[in-house]
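Values below: every heavy atom of this structure, side chains too, minus hydrogens, waters and symmetry copies. As the structure is a computational prediction, the values presented were derived from the model and not from experiment.
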Amino acid sequence: MREISFNSIEEIRIGNAQNLKGPTGCTVVICENGAVAGVDVRGGSPGTRETDLLNPVNLVDRIHAVVLAGGSAFGLDAAGGVMQYLEERNIGFDVTVTKVPIVCGAVLFDLNIGDYKIRPDKSMGYEACINSKLNLCENGNIGAGTGATVGKILGGKYAMKGGLGSFALQVGELKVGAVVAVNCLGDVIDSSSGNIIAGALRKDKRSFAGTESIMISRYSNKKNLFTGNTTIGVVATNGKFTKSEMNKVASMAHNGYGRAMRPAHSMFDGDTIFSMGTGKVEADLSVVGFLAAEVVEKAIVRAVKSADSILGYKSYKDIQHTK
């Protein structure tokens, strides 16, 4: 087993676009030939598009793109640009008069950082598709991770910068990769050390307060903790699977959230993972499932370690330098 780049998975390409004045952005993962796909929505505050069609009982069996975007529900508009880009290239589900691209998506909440009036829109989605021609696998303050933050239990003043991260593995001919926009309520953990590497800060802005400990101490307080959360991601593989199997891959991939974010899947996060399979390699479902969890976990850690400070939100790099 060896590490590879997410953009080395055949027939999958990735593009990002962002507006630093927001700051916000979007990330698109495209498979022009169509990918068998699944989804698992675990968080209690999701913002999604075209998830119902991924139910195995429904007709469409392939999708052409997944969009991850900031902007809360407004950011779902970015999918319109992806639709336009793909239709212009005659890519989509054939309905005789045209081809309708099947574009799924999910959004995270970043309206409370910077200018809330700047959001991913149709033009930004189209720009991300244009940028996908370069197929650059970038991390940090890029795409859907541009305005992402983490550790918000004590409010934005003590939160830290999140970001976009990717990670992929290859075993023989099998490839499994993930790209994740990390914007969680909780703390981010590096399992290699078991330590918090980003999250809610104490008043000294150098040490961590411990989100789960704070929540436990306030167990009887039913205060709405919605301060702008949700981690969203895509797992891609060249493995050959059915729709129901790809839904299982998405489900197993959430174990990566549980390992790297504490807590994960709260009522104030909209945690969602899409899965895409290009069908090139025969593979065992359970193997791909646990590899999916591994790459998701590593992508989350990479997102945080690659992020840069912005608008007063400290990054992992800052904390490391002050220790």
Side-chain angles (χ1 to χ4, degrees), residues 40-48 70 72-73 106-113 144-145 147-163 165 180-233 251-273 293 296-301 303-305 307 309 311-316 318-320 322-323:
D40 192 343
V41 181
R42 296 276 181 97
S45 301
T48 57
S72 189
V107 293
L108 57 79
F109 189 99
D110 59 4
L111 297 179
N112 55 355
I113 173 172
T149 52
V150 303
K152 289 165 273 193
I153 189 74
L154 298 176
K157 183 178 179 181
Y158 299 102
M160 287 181 62
K161 187 68 183 68
V180 184
V182 185
N183 187 65
C184 55
L185 169 72
D187 303 324
V188 176
I189 312 296
D190 187 344
S191 63
S192 63
S193 65
N195 296 326
I196 298 173
I197 58 172
L201 295 169
R202 298 182 189 275
K203 290 183 178 181
D204 62 11
K205 296 291 187 76
R206 295 178 58 188
S207 58
F208 297 110
T211 297
E212 289 189 329
S213 296
I214 293 170
M215 292 178 71
I216 289 170
S217 70
R218 301 175 179 177
Y219 74 91
S220 62
N221 185 352
K222 295 185 178 182
K223 179 183 177 182
N224 186 346
L225 300 175
F226 186 81
T227 51
N229 313 302
T230 295
T231 296
I232 50 180
S251 177
M252 294 180 72
H254 271 280
N255 290 334
Y257 279 12
R259 295 172 192 165
M261 301 185 302
R262 297 180 189 170
H265 311 129
S266 80
M267 288 301 293
F268 313 104
D269 293 285
D271 297 342
T272 299
I273 297 179
V296 164
E297 177 188 359
K298 296 292 177 57
I300 291 170
V301 171
V304 165
K305 288 187 174 182
S309 301
L311 297 179
Y313 288 88
K314 285 193 170 185
S315 67
Y316 165 84
D318 290 330
I319 299 298
Q320 288 302 108
T322 58
K323 287 185 177 180

A.B. asks: Atom NZ of K298 and atom OG of S191: how far apart are they, to the nearest 0.5 Å?
C.D. replies: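 So the gap between those two atoms works out to 6.5 Å.
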A.B. asks: Of all the heavy-atom pairs spanning A181 and G145, show the shortest one and how long it is.
C.D. replies: CB-N, 4.3 Å
A.B. asks: Would you mind reporting whether T230 and V107 have side-chain heavy atoms less than 4.5 Å apart?
C.D. replies: no
A.B. asks: For the residue pair D190 / S193, report whether a side-chain donor-acceptor contact shorter than 3.5 Å exists.
C.D. replies: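 There is no such pair between these side chains.
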A.B. asks: I'd like to know if the side chain of K161 and the backbone of Y316 have a donor-acceptor N/O pair within less than 3.5 Å.
C.D. replies: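 Side chain of K161 to backbone of Y316, a donor-acceptor pair under 3.5 Å: no, none is there.
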A.B. asks: Compare all side-chain heavy atoms of T149 with those of D110 and state whether any distance is below 4.5 angstrom.
C.D. replies: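 With C-beta onward as the side chain, the pair stays apart.
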A.B. asks: Can you measure from CD1 (I214) to CD1 (I153) and round to the nearest 0.5 angstrom?
C.D. replies: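 Here the interatomic distance stands at 6.0 Å.
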A.B. asks: Applying side-chain contact (heavy atoms from CB on, under 4.5 Å) to R42 and T272, what does each step give before you reach the verdict?
C.D. replies: CA-CA 6 Å; R42 296 276 181 97; T272 299; over 6 Å; no
A.B. asks: Do you know which two heavy atoms are closest between I196 and G210, and how far apart they sit?
C.D. replies: CD1-CA, 4.4 Å
A.B. asks: How close do G163 and A148 get, counting heavy atoms only, and between which atoms?
C.D. replies: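 G163 and A148 have their closest heavy atoms at N-CB, 3.8 Å.
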A.B. asks: Which residues satisfy the salt bridge (Lys or Arg N to Asp or Glu O under 4.0 Å) test with R262, sequence neighbours excluded?
C.D. replies: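 None.
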A.B. asks: Is it the case that K203 places NZ or CZ above or below the six-membered ring of Y158, under 6.0 angstrom from the centre and within 45 degrees of the axis?
C.D. replies: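 Not flagged: K203 not positioned over aromatic ring of Y158.
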A.B. asks: Can you list everything that forms a side-chain hydrogen bond (donor to acceptor under 3.5 Å, both in side chains) with N255? Sequence neighbours excluded, please.
C.D. replies: none
A.B. asks: List the steps and the verdict of side-chain contact (heavy atoms from CB on, under 4.5 Å) for I232 and D271.
C.D. replies: CA-CA 6 Å; I232 50 180; D271 297 342; over 6 Å; no
A.B. asks: Is any side-chain heavy atom of T211 less than 4.5 Å from a side-chain heavy atom of P263?
C.D. replies: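 They are in contact (side-chain heavy atoms under 4.5 Å apart), so the answer is yes.
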A.B. asks: Who pairs with V296 by side-chain contact (heavy atoms from CB on, under 4.5 Å), at least two apart in sequence or on another chain?
C.D. replies: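 A178, V180, V235, A253, Y257, I273, I300.
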A.B. asks: Could you tell me whether the side chain of I197 reaches within less than 4.5 Å of the side chain of K305, counting heavy atoms only?
C.D. replies: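 With C-beta onward as the side chain, the pair touches.
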A.B. asks: Answer whether the closest heavy-atom distance between the side chains of I319 and M160 falls below 4.5 Å.
C.D. replies: yes
A.B. asks: May I have the step-by-step check of side-chain contact (heavy atoms from CB on, under 4.5 Å) for L201 and R206, ending in yes or no?
C.D. replies: CA-CA 7 Å; L201 295 169; R206 295 178 58 188; over 6 Å; no
A.B. asks: Give the C-alpha distance, both sets of side-chain angles, the deciding distance and a yes or no for side-chain contact (heavy atoms from CB on, under 4.5 Å) between L108 and T231.
C.D. replies: CA-CA 7 Å; L108 57 79; T231 296; over 6 Å; no
A.B. asks: Any heavy-atom pair between the side chains of Y313 and K157 that's under 4.5 Å?
C.D. replies: no
A.B. asks: Flag the pair I189 / R259 as yes when at least one side-chain heavy-atom distance between them is below 4.5 Å, and no otherwise.
C.D. replies: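 Of all side-chain heavy-atom pairs linking R259 with I189, none is under 4.5 Å.
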A.B. asks: Would you say the side-chain atoms of N183 and K152 include a donor-acceptor pair closer than 3.5 Å?
C.D. replies: yes
A.B. asks: So which atom in D40 and which in S251 form the shortest heavy-atom distance, rounded to 0.1 Å?
C.D. replies: OD2-CA, 3.0 Å
